[in-house]
Amino acid sequence: MSVKIVFADKQQLDFPEGTTVAQAAQAWNSKALDGAVAARVNGVSVDLGAPLQADGALDLIDMHSADGLAVLRHSISHVMAHAVQDVFAEAKVTIGPSIEDGFYYDFDCDTTFTVDDFPKIEKRMQEIVDADHPFVREELSREDAIRLFADRNETYKVELINDLPADVSVVSLYKDGDYVDLCRGPHIPSTGKIKAFKLLSVAGAYWRGDERNKMLQRIYGTGFADPEALQEYLDLIEEAKKRDHRRLGRELDLFQTNDEAGAGLIIFHPKGMMLRYLIEEWERQEHIKRGYDMVMGPQILKVDLWKKSGHFDHYRENMYFTEVDEQTYGIKPMNCLSHMLIYKSKIRSYRDLPLRYFELGTVHRHEKTGVLHGLLRVRQFTQDDAHILCMPEQLNSEIRAIADFVNYAMGVFGFEYEVELSTRPAHSIGSDADWELATRALENALKDNAIPYEVNEGDGAFYGPKIDFKLKDAIKRKWQCATIQCDFTLPERFDLSYIGPDGEKHRPVMLHRVILGAIERFMGVLIEHYAGAFPVWLSPVQATILTVTEKHIPYAQTVHEALLASGIRSETFFDNEKLGYKIRQAQMQKIPFMLVVGDKEAESQTVAPRARDGRNLGAMSVEQFVALVREMCENRAR
RNA sequence: GCCGAUGUAGCUCAGCCGGUAGAGCAACUGAUUCGUAAUCAGUAGGUCACCAGUUCGAAUCUGGUCAUCGGCUCCA
């Protein structure tokens, strides 16, 4: 029997059945195996050593491709587990997949691993690599596999096999040397193919990601096709550290957190507050343009109102409470309640809808200590929040308008983003019918507007499904900022109504939505995105005036005042230092323009701007400079 | 909240086996008056996160608390 194999270039060759993928590929093209780590036969990933058993299309997976790197890293994770068990005999293996940028493996081990153990583990890994053990695939019955792992005291592997679906009767194992792991594969042909790896960090992780389960020890590492690519990645990590918003927040004097004030609470310094003011002011204008009404509710509301809304029952552990005159008040974790009360303040007609209430609403949420992170995860934050009350038939166009708004806003700041639809979570309120209706409404709006999205099962808010917009920051981390949530429950609980054309009362639907999300988080993402070098319109300081010597101070002062009067955010730097020093300081502060003022400028009543990128713009009048800055602001230019 | 690590001057970090703290940069003062990424000299600055305990004696050892960092879980 022979099999017909079609290769990437459409060439078709016949081979005896049982010919391995590698042999076939070699016959097709003698260089085909260079850099190949695995292959796809009819779209299914297989080892290079896999036998060909049927006709099909074969293409090779290159080590440099995303799929190839995943295979390589998965193989390195086996080598790491192998090495860890050689170093720590009592370590039990659990799971160890490849992930974006690397891999990890989780172990259950009484000895706690530290980064100081890495050299030992890496040394052992290198020995395994040097030994060039082939990765050997074996298939065993469920029972035999369970017996094998039980004999080796690998209880987690036994649990994994036991939990496989009932119709799985055969499982695959991979061996390299004396190490055996339960694994679907594919793997690289042998450990010797590994040319570049590094262990990065150790952390705790719950078995199967469930906080009720045992905490395991996870070792993260990465691997690349060659040492150069690994070094490039390590350099990228260094670069990411340099643009960490917590570091830049201090260096650029934007904000602080303070032990004495409390965890997760941000204290904005003048420059950080200016940045925040600029973002917020921009937002207000954009909301007014789009038909939103600005409103504002109180910071605390009586606990009974939180009971009515369902927050007390479903969100209490995240809320702060305070006692005033024997009354318990809940400090708001969300802004919706006041907006509901505004709606209820009079009888609404269908002609009034949609109503769009916008509030830069400051909320408090009691986040778990371990999740706090700079500006990105805090306990007090301000949302650019709005609640849209509309008729069900208006949902579609309202969602579309919000999606357009988000798209516009992301464009202004230069972010890419992805869209996800999150459905009903385990812990939620409302009827199945309402959830169905709300989820359908969001989904239809996405489909009608041809917005590509992915479904995120069970990730909705407790009161309704949501569309999440995940923007990608400078180091490709994804952050949830914008979100649209569809809510039939709160209007019900607050008995909201409008009088329809038929003269009868009807129930409005509510959309909760944010565009930037939390201002604090968005600022954190922005700082990293721009690496602290904000575009001119967002720069807390747009120009700093540098004197060549002390005698130029009087003229520089008049320039400064003229700029301030023109609405330019100007700063003076008159220290008794050399010009080079002042330029260096201004450069490190990432100020867009440095205005050098010396004899020439004072005499000709000009300034000599030096742009942040080092370009010397030559002498120009103050008016010309003001016009330049204004134009850049309008174009939102860097 | 969980696992692990860390907490020394404004910042970055030294400080071995317990004997009451040190550098660079920043700051301040003085000199210098200088043209596109660091002028020179001097001075000052620390409850060693906090609270207990062990000890003749604790930055150092032990326990607790707080905070930060890397993750997990959760999330704007």
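Below, chains carry the letters A, B, ... as their sequence lines are ordered, and counting in each starts from 1.
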Exercise. With a 6.0 Å cut-off on ring centres, are A:F358 and A:H387 close enough?
Worked result: no

For this session: Would you kindly say whether A:S539 and A:Q542 are connected by a side-chain donor-acceptor distance under 3.5 Å?
Result: no

For this session: Indicate, with a heavy-atom threshold strictly under 4.0 Å, whether A:E577 touches base, sugar-phosphate, or nothing.
Result: base

For this session: Indicate whether the side chain of A:T606 and that of A:E601 have a donor and an acceptor atom separated by less than 3.5 Å.
Result: no

Exercise. Given the C1' atoms of B:C74 and B:A37, what is the spacing between them in whole Å?
Worked result: 45 Å

For this session: Take atom CD1 of A:I591 and atom C1' of B:A37, then tell me their distance rounded to the nearest Å.
Result: 13 Å

Seminar exercise, completed: A:R584 CZ to B:C25 P, in whole Å, measures 12 Å

For this session: With C1' as the reference atom in both, quote the distance from B:U20 to B:A27 in angstrom, rounded to an integer.
Result: 27 Å

For this session: Establish, for the pair A:R73 and A:F224, whether the NZ or CZ atom is under 6.0 angstrom from the six-membered ring centre and no further than 45 degrees off its axis.
Result: yes

Exercise. Rounded to the nearest Å, what distance is computed from the CG atom of residue A:L579 to the P atom of nucleotide B:C34?
Worked result: 12 Å

Exercise. Contact class for A:G598 vs. all strands (heavy atom < 4.0 Å): base, sugar-phosphate, or nothing?
Worked result: base

Exercise. Taking the six-membered ring for Trp, are the ring centroids of A:F415 and A:H529 within less than 6.0 Å of each other?
Worked result: yes

Seminar exercise, completed: Its contact letters, B for base, S for sugar-phosphate only and - for none at protein heavy atoms under 4.0 Å, make nucleotides 8-17 of chain B read ---SS-----

Exercise. Any salt bridge between A:K242 and A:E251, counting N to O under 4.0 Å?
Worked result: no

For this session: Would you mind reading off the distance between A:D106 atom CG and B:G4 atom P, rounded to a whole angstrom?
Result: 15 Å

Exercise. Nearest-Å distance, CD (A:Q587) to C1' (B:A37)?
Worked result: 7 Å

Exercise. P atom, B:U60 versus B:C72: distance in rounded Å?
Worked result: 33 Å

For this session: Give A:N258 one of three labels, base, sugar-phosphate or nothing, depending on what nucleic acid heavy atoms sit under 4.0 Å from its own.
Result: nothing

Problem set entry | Under 3.5 Å on both distances, the Watson-Crick or G-U partner of B:G57 | none

For this session: Would you mind pulling out the nucleotide paired to B:G46, Watson-Crick or G-U wobble, both distances under 3.5 Å?
Result: none

Exercise. Any luck finding a side-chain donor-acceptor pair between A:N318 and A:H366 under 3.5 Å?
Worked result: no

For this session: Classify the glycosidic conformation of B:C17 as syn or anti, calling it syn when the angle lies within 90° of 0.
Result: syn

Problem set entry | Pairwise C1' distance for B:A23 and B:C17, with rounding to whole Å | 24 Å

Problem set entry | Ion pair check, A:R208 and A:D210, cut-off under 4.0 Å | no

Problem set entry | Gap between atoms CD and P, on A:Q585 and B:A26 respectively (whole Å) | 8 Å

Exercise. What integer number of Å spans the C1' atoms of B:G35 and B:A49?
Worked result: 47 Å

For this session: Take A:F462 and A:H314, measure what ring pair (Phe, Tyr, Trp, His ring centres under 6.0 Å) needs, and give me the verdict at the end.
Result: CA-CA 7 Å; A:F462 73 82; A:H314 295 88; 5.5 Å; yes

For this session: Would you give a per-nucleotide map of nucleotides 66-76 of chain B, 5' to 3', where B means the base has a protein non-hydrogen atom under 4.0 Å away, S means only the sugar-phosphate does, and - means neither?
Result: -SSSBBBBBBB

Seminar exercise, completed: Residues in residues 603-618 of chain A with a heavy atom under 4.0 Å of RNA chain B, by number, are A:A608, A:R610, A:N616

Exercise. Which nucleotide, in any strand shown, forms a Watson-Crick or G-U wobble pair with B:A31, with both distances under 3.5 Å?
Worked result: B:U39

For this session: Identify whether any heavy atom of A:E601 sits under 4.0 Å from a base atom; if not, whether one sits that close to sugar-phosphate; answer base, sugar-phosphate or nothing.
Result: base

Problem set entry | Between B:C25 and B:C61 - C1' atom distance, rounded Å | 34 Å

Problem set entry | Test: A:R290 cationic atom under 6.0 Å from A:Y292 six-membered ring centre, within 45° of axis | no

Problem set entry | Base partner of B:C11, which must satisfy Watson-Crick or wobble distances under 3.5 Å | B:G24

Exercise. Salt bridge or not for A:E398 and A:R513, using N-O below 4.0 Å?
Worked result: no

Exercise. In whole Å, what is the span from the CG atom of A:D575 to the P atom of B:G35?
Worked result: 17 Å

Problem set entry | Cation over ring face, A:R218 and A:Y104, 6.0 Å, 45° | yes

Exercise. Paired with B:C16 by Watson-Crick or G-U wobble geometry, both distances under 3.5 Å: which nucleotide is it?
Worked result: none

For this session: Quick one: label A:K600 by what it contacts on the DNA or RNA (base, sugar-phosphate, nothing), any heavy atom closer than 4.0 Å.
Result: base

For this session: Would you confirm whether the ring centroid of A:F107 sits within less than 6.0 angstrom of the ring centroid of A:F113?
Result: yes

Problem set entry | Watson-Crick or G-U wobble partner of B:C2, both distances under 3.5 Å | B:G71

Exercise. For atom C1', what is the distance between B:C56 and B:C50, given to the nearest Å?
Worked result: 25 Å

Exercise. Between A:Q217 (CD) and B:A5 (P), how many Å, whole number?
Worked result: 10 Å

Exercise. Hey, does the Lys NZ or Arg CZ of A:R365 hover above the aromatic six-ring of A:F381, less than 6.0 Å from the centre and inside 45° of the axis?
Worked result: no

Exercise. In whole Å, what separates the P atom of B:G4 from that of B:U65?
Worked result: 14 Å

Exercise. Across all strands, who's sitting opposite B:U62 as a Watson-Crick or G-U wobble pair, both distances under 3.5 Å?
Worked result: B:A52

